[in-house]
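Single-structure report; data block below.
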Amino acid sequence: MNAIDPLVQTRLSRAGVEDADPLETAEWCDALDAVVAYCGPARARYLLDVLAQHAHRHGIGSAPTLPTAYVNTVAAGNQPAFPGDLALEERLGALMRWNALAMVVRANRAYGELGGHIASYASAADLFEVGFNHFFRARNCDHRGDLVLFQPHSSPGVYARAFLEGRLTENDLLHYRQELTAPAHGARGLCSYPHPYLMPDFWQFPTGSMGIGPISSIYHARFMRYLTDRQLLDCAGRRVWGVFGDGEMDEPESMSALTLAAREKLDNLVWVVNCNLQRLDGPVRGNGRVIEELEQLFAGAGWNVIKLLWGSDWDGLFARDTTGALARALGDTVDGQMQTFAAKDGRFNREHFFNQSEELARLAQDMSDQQIDQLKRGGHDLVKIHAAYATAAAHRGQPTVILAHTKKGYGMGSAGQGKMTTHSHKKFESADILGFRDRFNLPLSDEQAESLEFFKPPIDSPEIRYMTARRAALGGPLPRRETVCDVVPKPDLRAYAQFAVAAGGKEMSTTVAFVRMLGALLKDPTLGPRIVPIVADEARTFGMANLFRQVGIYSSVGQRYSPEDIDSILSYREATDGQILEEGISEAGAIASWTAAATSYSVHGLAMLPFYIYYSMFGFQRVGDQIWAAADQRARGFLLGATSGRTTLGGEGLQHQDGTSHLIAATIPNCKAYDPAFAGEMAVIIDAGIREMLVEQQDVFYYVTLMNESYPQPTIPEEVHADILRGCYRFGLYPAAAVSTGQVTLMGSGAILTEVVKAAHQLAETGINVEVYSVTSWSELARDGEFVARQLARGTGPIVAATDYVRAVPESIRAFLPQARPYVSLGTDGFGRSDTRAALREFFGVDAASIARAARLALGNDLAHSAQSRTETSSR
Ligand SMILES: Cc1ncc(C[n+]2csc(CCOP(=O)(O)OP(=O)(O)O)c2C)c(N)n1
């Protein structure tokens with residue numbers, strides 16, 4: 001008799017599985033040994049696979065080798081009863097499909113350039129509908145609602161539903177993708193994709209840029225745990241649902257946080273991946289099977305995977321398939337071929353799929369071609385979808401992904417179903433429209449169908465009454481974006497930043513000042529708990545280690561080890577109520593985390609204030625599109641670009657040195673970007689940001705660059721505070737030491753202001769009157785050109801501007817400067833290098849000597865120019 005392999009035994013007992021009957025176990029092992037000995041390993045493997053699948057049928061979650069058979073994870077026998085009225089829900093689904101199609105096709109009949117998509121929604125419609133009718137909860141007084149992220153190209157379907165609900169009018173639907181012209185016609189324009197910025201009472205989550213929705217959903221789900229664990233808001237019972245594309249899963253952002261979701265046991269998160277097997281150009285994996293690939297990937301990352309592959313009408317086929325031929329044949333069909341089957345009719349499917357073997361042909365022999373044609377994929381069967389969603393919602397301890405097999409362009413007939421070109425298909429022949437009407441039994445005459453009339457049953461019809469009742473039971477209509485949240489009072493600037501505004505020449509860097517201020521703000525009894533410090537493995541770089549002890553690092557399981565540095569006052573402290581979000585080396589994750597906190601005022605009705613501090617080069621450049629999406633979502637919070645500037649971060653070189661973040665930040669309308677030179681300026685800016693975002697509740701966010709260069713910090717007089725916020729103030733006058741030979745204005749920002757001041761001294765010593773402006777924000781100056789025009793109208797002579805960023809940053813204000821004053825800008829265009837600050841500033845021409853030289857040159861030219869104009873005038 002064979003004993004169980006000790007290694008296996010150890011593994012099992014580590015996993016908490018004990019052997020209840022070792023004798024019986026040994027008999028099973030003996031039996032397998034005999035099969036290997038007499039029939040060979042292939043036969044043994046086969047038997048194991050069969051047993052694993054067999055166990056699956058009993059709902060026994062063995063650890064099967066992946067991928068599992070190409071069948072539904074929720075077996076027919078384990079399906080819960082469908083709680084809705086199937087016929088009514090199907091009719092409703094058909095109406096959504098129709099109105100969505102009519103909206104896109106009509107917009108394009110009127111203006112061929114407008115675009116829009118039908119095929120994606122055609123594949124996702126049923127996945128959405130089951131969610132709307134049974135799962136997606138809206139916010140009301142007893143539940144703060146689920147978070148639902150919609151596949152962007154399916155937005156026409158969401159509008160179609162809002163139309164039936166009476167939230168949008170027919171006139172609104174007629175202005176799909178016509179946001180600018182709509183108001184003149186008494187309509188509200190409907191934006192192409194979900195954009196909270198454009199429809200702020202409707203869309204909650206921007207998903208138009210592939211990959212951002214998926215990663216964002218994970219961090220929203222984790223942030224809900226954070227709010228609960230910190231006892232700020234109980235998010236128990238609320239879920240995040242995300243419907244995404246199978247093609248979209250190729251985006252690195254989609255994949256990058258899967259293990260975080262599993263590690264954090266985010267069972268409040270359900271992804272529905274709409275596996276229509278196609279993306280824009282063609283099949284997602286023509287020569288493979290994307291569902292199997294995703295199954296292995298998600299399972300490997302620790303997710304609960306539910307395959308939703310086949311509709312109810314396949315149940316009978318599988319039941320009669322005693323040899324497993326059907327599951328095998330389906331598992332052997334690559335996606336490119338599966339797409340061809342979707343595009344072809346029942347007859348083709350019989351000939352090319354069922355007739356590939358006698359066993360399969362027999363299975364289909366009693367079905368007509370039409371019945372074969374109408375065999376549904378799982379993602380189009382409301383009962384199967386409901387079973388998958390209910391199983392996902394009941395699952396504990398893991399996030400769930402539902403891999404829903406669908407047909408792209410479902411129901412679009414020869415016009416689009418499964419066609420390579422279906423993604424952008426939006427023109428329909430009359431026969432196709434009538435075919436669509438018939439396919440979904442729409443109560444429309446030929447004429448009504450051909451003219452693409454929208455269809456809305458009367459308010460007291462069974463359909464509308466049913467739909468309204470379902471939504472009422474789930475808290476009301478969705479999507480709906482809310483903005484009501486409490487005001488969080490701001491402490492007085494002097495209470496937390498006196499050391500910075502009245503620095504009196506004390507030497508420090510703006511990063512050090514910021515961290516000290518943050519520490520003080522965290523102690524404020526009201527605001528403190530709402531602050532969310534976020535880092536991507538750079539807290540020590542920015543001198544924030546003291547916060548580890550002060551407020552702790554958030555961990556959903558606390559600290560299960562005694563940290564090596566436990567005796568240090570800076571000891572590494574993780575705690576369930578820890579406040580810092582330490583996201584590890586994932587800027588994409590950290591910015592998603594920031595977005596979750598920065599939109600909490602709207603998503604949860606609880607204002608939070610995130611401060612995400614990072615290497616400035618790894619912000620707008622690295623995760624710029626996520627920041628753009630956060631701006632779309634009307635985020636409120638602070639981004640701190642630390643170790644900023646191309647010459648201030650000395651040794652780190654080309655990929656670390658940031659010369660562009662302010663250029664990109666300037667392109668985001670609701671981002672206020674500042675490059676303060678001094679701790680006091682920075683404090684005034686942060687203070688204003690807190691007021692604007694938490695007290696006035698404006699939809700803006702702040703980007704503030706911080707430097708690691710230490711120098712004396714001046715006291716910032718109260719009377720310049722307002723100008724600091726507007727973008728510049730007169731920092732000082734440096735009168736010529738001897739007889740004045742000219743007048744120049746120098747403007748500088750951030751780290752380069754100290755070089756500007758040195759240059760001012762040098763110029764003054766050589767007989768030039770100098771006025772210095774500290775520019776705190778080029779982008780704010782460029783947004784209100786009049787202010788800078790007024791400021792500079794006071795002086796005369798050339799203006800020389802210098803920054804640690806590319807010249808395009810100071811160039812952005814040129815148009816507003818007094819015409820008589822020549823303007824020279826100095827910046828750090830080009831690739832960075834590693835060297836000392838002094839060497840770098842000389843190399844890029846932004847050191848004091850270069851600034852003084854540029855001023856003299858401008859002055860010389862200016863003088864020459866005025867001399868020339870005088871000569872020209874006198875000779876006339
Ligand atoms: C970052 C990004 N890249 C490219 C696109 C353009 N695009 C829009 S939809 C699409 C294909 C989507 O395929 P899939 O995710 O499979 O969804 P389906 O429409 O097939 O359901 C592409 C490439 C985009 N929106 N975002």
Side-chain angles (χ1 to χ4, degrees), residues 97 100-101 104 114-129 131 149-158 177 191-195 203 205-217 242-256 271-286 288-294 297-298 308 335-336 338-339 342-343 377-380 385 401-412 416-426 588 591-592 622-632:
R97 288 173 184 281
L101 175 138
V104 177
L114 286 179
H117 303 84
I118 300 166
S120 300
Y121 178 65
S123 66
D126 302 300
L127 299 173
F128 282 14
E129 280 303 299
L149 290 89
F150 293 98
Q151 213 187 344
H153 299 77
S154 301
S155 55
V158 181
R177 293 194 172 215
C191 51
S192 49
Y193 305 116
H195 294 302
W203 294 115
F205 303 100
T207 51
S209 178
M210 308 263 101
I212 292 180
I215 189 168
S216 178
S217 72
V243 184
F244 308 118
D246 49 356
E248 183 171 15
M249 291 299 111
D250 281 345
E251 288 286 1
E253 289 88 350
S254 302
M255 289 296 134
S256 65
W271 278 15
V272 180
V273 181
N274 174 13
C275 297
N276 55 32
L277 314 185
Q278 287 182 249
R279 42 180 158 77
L280 198 156
D281 284 344
V284 179
R285 295 285 184 275
R289 277 182 296 280
V290 70
I291 291 178
E292 283 184 353
E293 186 179 323
L294 292 176
L297 189 79
F298 278 90
L308 164 59
D335 287 354
M338 201 66 94
Q339 181 192 333
R377 292 189 179 170
H380 297 303
I385 299 170
V401 62
I402 295 170
L403 301 172
H405 191 202
T406 59
K407 287 183 182 172
K408 191 147 179 173
Y410 182 60
M412 285 164 69
Q417 180 173 289
K419 288 272 152 67
M420 285 294 176
T421 52
T422 193
H423 185 86
S424 307
H425 190 95
K426 52 198 133 278
I591 198 76
R622 173 111 190 182
V623 290
D625 199 24
Q626 284 176 278
I627 300 178
W628 187 242
D632 184 349

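Both ligands and their constituent atoms are indexed starting at 1 by order of listing.
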### ligand 1 versus Asp625: contacting region, heavy-atom distance under 4.0 Å
neither
### Task
Give the residue, atom name and distance (to 0.1 Å) of the protein heavy atom nearest atom 4 (C) of ligand 1.
Met210 CG, 4.2 Å
### Message
Would you say the rings of Tyr193 and His153 are close, in the sense that their centroids are separated by under 6.0 Å?
### Response
yes
### Message
Quick one: does any side-chain atom of Ser155 pair with a main-chain N or O of Ser192 as donor and acceptor, under 3.5 Å?
### Response
yes
### Query
Can you list the atoms of ligand 1 that are under 4.0 Å from a heavy atom of Asn276?
18 (P), 20 (O), 21 (O)
### Task
Determine the minimum heavy-atom distance between Gly416 and Thr422, stating which atoms define it.
O-OG1, 2.9 Å
### Query
Does ligand 1 have an atom that lies less than 4.0 angstrom from a heavy atom of Ser209?
yes
### Task
Would you indicate whether the side-chain heavy atoms of Glu251 and Ser256 approach each other to under 4.5 Å?
no
### Message
Can you confirm, on distance only, whether ligand 1 has an N/O atom lying under 3.5 Å from any N/O atom belonging to Ser123?
### Response
no
#### Entry: Subset of ligand 1 atoms that lie under 4.0 Å from at least one heavy atom of Asn274
21 (O)
### Query
Please state which protein non-hydrogen atom is closest to atom 6 (C) of ligand 1 and give its distance, to 0.1 Å?
Leu280 CD1, 4.5 Å
### Task
Using the six-membered ring wherever Trp is involved, compare the ring planes of Tyr410 and His380 and label them parallel, tilted or perpendicular (cut-offs 30° and 60°).
parallel
### Closest contact, heavy atoms only, Pro194 versus Phe205
CB-O, 3.5 Å
### Heavy atom of protein closer than 4.0 angstrom to atom 22 (C) of ligand 1
yes
### Task
Please identify which atoms of ligand 1 are closer than 4.0 Å to at least one heavy atom of Gly208.
24 (C), 25 (N), 26 (N)
### Task
If you have a sec, work out which protein heavy atom is nearest atom 15 (O) of ligand 1 and how many Å separate them, to one decimal?
Glu248 N, 2.9 Å
### Task
Using a strict 4.0 Å cut-off to heavy atoms of Gly247, name the atoms of ligand 1 that fall inside it.
14 (P), 15 (O), 16 (O)
### Message
Do Gln339 and Met420 make a side-chain contact, defined as non-hydrogen atoms from C-beta onward lying under 4.5 Å apart?
### Response
yes
### Query
Among the heavy atoms of Glu251, does any lie under 4.0 Å from an atom of ligand 1?
yes
### Task
Using heavy-atom distances, let me know which of His423, His153, Arg279, Lys408 sits nearest atom 18 (P) of ligand 1.
Lys408
### Task
Name the closest protein heavy atom to atom 19 (O) of ligand 1, giving the residue it belongs to and the distance to 0.1 Å.
Ser120 OG, 2.6 Å
### Query
Is there a side-chain contact between Trp203 and Val158 (heavy atoms, below 4.5 Å)?
yes
#### Entry: Residue from Phe128, Phe244, Tyr121 passing ring pair (Phe, Tyr, Trp, His ring centres under 6.0 Å) with Phe150
Phe128
### Query
Mind checking whether Gln151 has a heavy atom under 4.0 Å from ligand 1?
yes
### Query
Which ligand 1 atoms does Gln278 reach within 4.0 Å, using its non-hydrogen atoms?
16 (O), 20 (O)
## Note on the structure
Between Gln626 and Ala592 the two heavy atoms that sit nearest each other are NE2-CB, 4.1 Å
